[in-house]
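Okay, structure first, notes after.
All chains are named by letter (A, B, ...) in the order of the sequence lines, taking the proteins before the strands, and each is independently numbered beginning at 1. Since the model is a prediction, treat every value here as computed from it, not as a measurement.
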There are 2 protein chains.
Amino acid sequence: MELDERKLKILQAIIRTYLETGEPVGSRTISKYTDLNLSSATIRNEMSDLEELGYILQPHTSAGRIPSDKGYRLYVDTMLDAKDSEIQNLRDELEEKTGKIDDVLQKVARVLAANTNYATLVSGPRYQSKHVKFIQVTEVDEKNLLVVIVLDNNVVKNQMIRIDEPVEQETIVKLNFMLNTTLNGLDVLEMNLAVIQKLKEQFDSHTRVIDSILEIIGKTLIDEDDLEIYTSGATNILKYPELSDKAKAAQILDAFEEKRIFHNWLGLPEKGRTDESHDIQVYIGDETNMDSMKDCSMVTATYRVQEGVYGKIGIVGPKRMDYDKVVGTLNSLMSQLDDIFKDKN
Amino acid sequence: MELDERKLKILQAIIRTYLETGEPVGSRTISKYTDLNLSSATIRNEMSDLEELGYILQPHTSAGRIPSDKGYRLYVDTMLDAKDSEIQNLRDELEEKTGKIDDVLQKVARVLAANTNYATLVSGPRYQSKHVKFIQVTEVDEKNLLVVIVLDNNVVKNQMIRIDEPVEQETIVKLNFMLNTTLNGLDVLEMNLAVIQKLKEQFDSHTRVIDSILEIIGKTLIDEDDLEIYTSGATNILKYPELSDKAKAAQILDAFEEKRIFHNWLGLPEKGRTDESHDIQVYIGDETNMDSMKDCSMVTATYRVQEGVYGKIGIVGPKRMDYDKVVGTLNSLMSQLDDIFKDKN
DNA sequence: TGTTAGCACTCATTCGGGTGGAGTGCTAAT
DNA sequence: ATTAGCACTCCACCCGAATGAGTGCTAACA
């Protein structure tokens, strides 16, 4: 059996209708809905075929059909028109850019959630490789040294170090010089034992301080944890009856609270259709690879702050989410985000 | 009519039973439950009185009684035994103190939620007054200056400033000296125009830089927003049928997502019974002053990191939450937290 | 006078049967 | 190949009866 033109049209009609109503759709509805002018009986036959092909399924005999994951997949891959999104200019709402990128991202999540009525998440930008650009150790008072590290992506990290005995000013100056000359531009991998040994030798009287500093640098460079994820509108999922039974809702909401679960999301493989411009991906059900999301779909996009620095945006909703609108909205948003980040650099 | 001994006992029995079952409790149940050996009829009479006094209410005729807010209040104020909490040593779980206070607090929230089956929130420590202890401006590269500010509570803030033209090393040294001598120890209120004017005069060629720095300092000192609130176990509320209908649940969960709502919580007045040791407060229903919490109760405690630096811990659950256990758990936790923070200083 | 047994009454919940409607699959006619 | 018609299935809903927990009241009792 083949998926001919007509079957496609019917499948599309089924999915469209189901997206709207959230209820199983029957042959009569489709028979009226389409421009095919077919009787419900014919539709029934076709539906029977579509079911056999795995694109739709019946919750129980004598109920209408609902799209299967395979059906959604086909729909997303081949049937979305890239129609203009009717979303208003998000930019206005983002315009008061406080300069802090995390505020912007949190706001993006919020705006997106408000606009789509789905749950959203936005990951902070990830830097592909981090190098030390600048290190500075300063004495704050007799008991505290402050270590400031600037990475080549202009991210600044700092940490206090407690010291037992005061360190002379001169030593600090020397230390700074040494640190900057030896470590500058180095990746964490390149800070091998030889380099470290060399440093320690020079300051054998302050090994504890050096140790602390190296530890901080290490942490800073490999820190995976501090990858922020901003979320918004998690409770939107309660709006969709098929997700709002207690067990399912708790599972999904937990995921949004315990954002850690989404960390692996950042590494999800590309799946099916890739939107030319903004890397928009759709994951349906199990494709998300997250058990808690198995009843959801997720649309993601990637934004770039600058070359090699990117983050992701995700929208989570029921499988019957309005893919068309979401993709449109994301496209529009991404363009605007690009602009905003461009302005910044 | 007076609240005599017997009425109290009956009220207590009603509340205890209701806390367990979550369902209206009838006269017969109480008649069996108590050691009073009274018939259900007598209990009924007493209940009728208690209702008239406002301590309990009937959801509808011919249902049992449930405690009113006033009833809970009385219960919490006078009937809690300070029995030892059976909670295991939380400290073990917190022991791997990563040194970062926010990690510790997030963990506290998590442990607490797991132990109580309620939703928890923990506010980051708040500093009563902030003064500048140390400022440093450094040139990171030709286009960027880095401003590092250390407050007297050892909180470090930093921000980059873009500059159009390079600033000579000498100027920076001078600038640092000036900033530290003029601003050191000052509160934001004390940085009046005179001080600012003086600074600007000295560096009239770099007013833009000075402006940026002052702006950053200002923001740092009055920053209210960066008061972090950590939450955990929000979805626990779905476990309680009386809270898990869609509208209510969404409202409460929203509050936990949009943590901002809890900001005013930090300023809630003391209410009723104050636990001697750890400032444990119970807010019932509207007492929380948050509309979204009107069907919940909230137990809060205050922890102190050091003199004048404190934060709050809150537990949110249904009104029929197990106050006894929660207060016990909090007490135990607070002692352990105190120790942990003591170690740190 | 406080306590209790008994009784009539209320009201939420539950359960089963009946009904309507939506939908299907099959068959026969076009 | 399409369609009309029909029998059949099954969910959803409504209704009414039964259930049962609980109350308030009254009258009797110690």
Exercise answer: donor-acceptor pairs, residues 229-236 of chain B side-chain atoms, under 3.5 Å, sequence neighbours excluded:
unit_1   : atom_1 : unit_2   : atom_2 : d
B:Thr235 : OG1    : A:Asp254 : OD1    : 2.5
B:Thr235 : OG1    : A:Asp254 : OD2    : 3.4
B:Asn236 : OD1    : B:Lys239 : NZ     : 2.9
B:Asn236 : ND2    : B:Tyr118 : O      : 2.8
B:Asn236 : ND2    : B:Gly233 : O      : 3.4

Only pairs under 3.5 Å count here: list side-chain donor-acceptor contacts from residues 241-250 of chain A, not counting sequence neighbours, and write none if there are none.
unit_1   : atom_1 : unit_2   : atom_2 : d
A:Glu242 : OE1    : A:Arg320 : NH2    : 3.4
A:Glu242 : OE2    : A:Arg320 : NE     : 2.5
A:Ser244 : OG     : A:Pro241 : O      : 3.4
A:Ser244 : OG     : B:Lys246 : NZ     : 3.1
A:Asp245 : OD1    : A:Ala247 : N      : 2.9
A:Asp245 : OD1    : A:Lys248 : N      : 3.4
A:Lys246 : NZ     : B:Ser244 : OG     : 3.1

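Using a 4.0 Å heavy-atom distance criterion, A:Arg28 is classed as making no nucleic acid contact. Among the atoms of the strands shown, only primed sugar atoms or phosphate atoms (P, OP1, OP2) are found under 4.0 Å from some heavy atom of B:Thr61.
Between B:Leu11 and B:Met79 there is a side-chain heavy-atom pair separated by less than 4.5 Å. Proximity of A:Gln251 to A:Lys294: side-chain heavy atoms (C-beta onward) are separated by under 4.5 Å at one or more points. Side-chain contact between B:Phe262 and B:Met290: present, with at least one pair of heavy atoms (C-beta onward) separated by less than 4.5 Å.
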Every protein N/O within reach of nucleotides 27-30 of chain C N/O, cut-off under 3.5 Å:
none

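Applying the side chain to side chain contact (heavy atoms under 4.5 Å, CB included) test between A:Met293 and each of A:Asp286, A:Ile284, A:Ile261, A:Thr288 identifies A:Thr288 as the sole match.
Remark: A:Tyr55 pairs with no residue by the ring-ring contact (aromatic ring centres under 6.0 Å, His included) rule, at least two apart or across chains.
The nucleotide range of DNA chain D contacted by chain B, defined by atoms under 4.0 angstrom from heavy atoms of the protein and reported 5' to 3', is D:dG22 to D:dG24.
In this structure, A:Lys9 places its NZ atom where only 12 or fewer heavy-atom neighbours from other residues, nucleotides or ligands lie under 6.0 Å away.
Classification of B:Arg73 and B:Asp77 as a salt-bridged pair holds, one side-chain N sitting under 4.0 Å from a carboxylate O.
Across the interface with DNA chain C, nearest-nucleotide mapping of A:Gly26 and B:His60 shows B:His60 to be the residue nearer the 5′ end.
Between the side chains of A:Thr42 and A:Ser39, at least one donor N or O sits under 3.5 Å from an acceptor N or O. A side-chain N or O of A:Arg44 and one of A:Ser27 form a donor-acceptor pair less than 3.5 Å apart.
Using a 4.0 Å cut-off, no side-chain N or O of A:Ser62 falls inside it from OP1 or OP2 of C:dA22.
Per the geometry, CD belonging to A:Glu23 stands 11 Å off C1' belonging to C:dA22, to the nearest Å. Rounded to a whole Å, the CD1 atom of B:Ile43 is 9 Å from the P atom of C:dT4. Atom CD of B:Gln58 and atom P of C:dT10 are 14 Å apart (whole Å).
Sorted by residue number, the list of members of residues 238-249 of chain B with any non-hydrogen atom under 4.0 Å from DNA chain C is empty.
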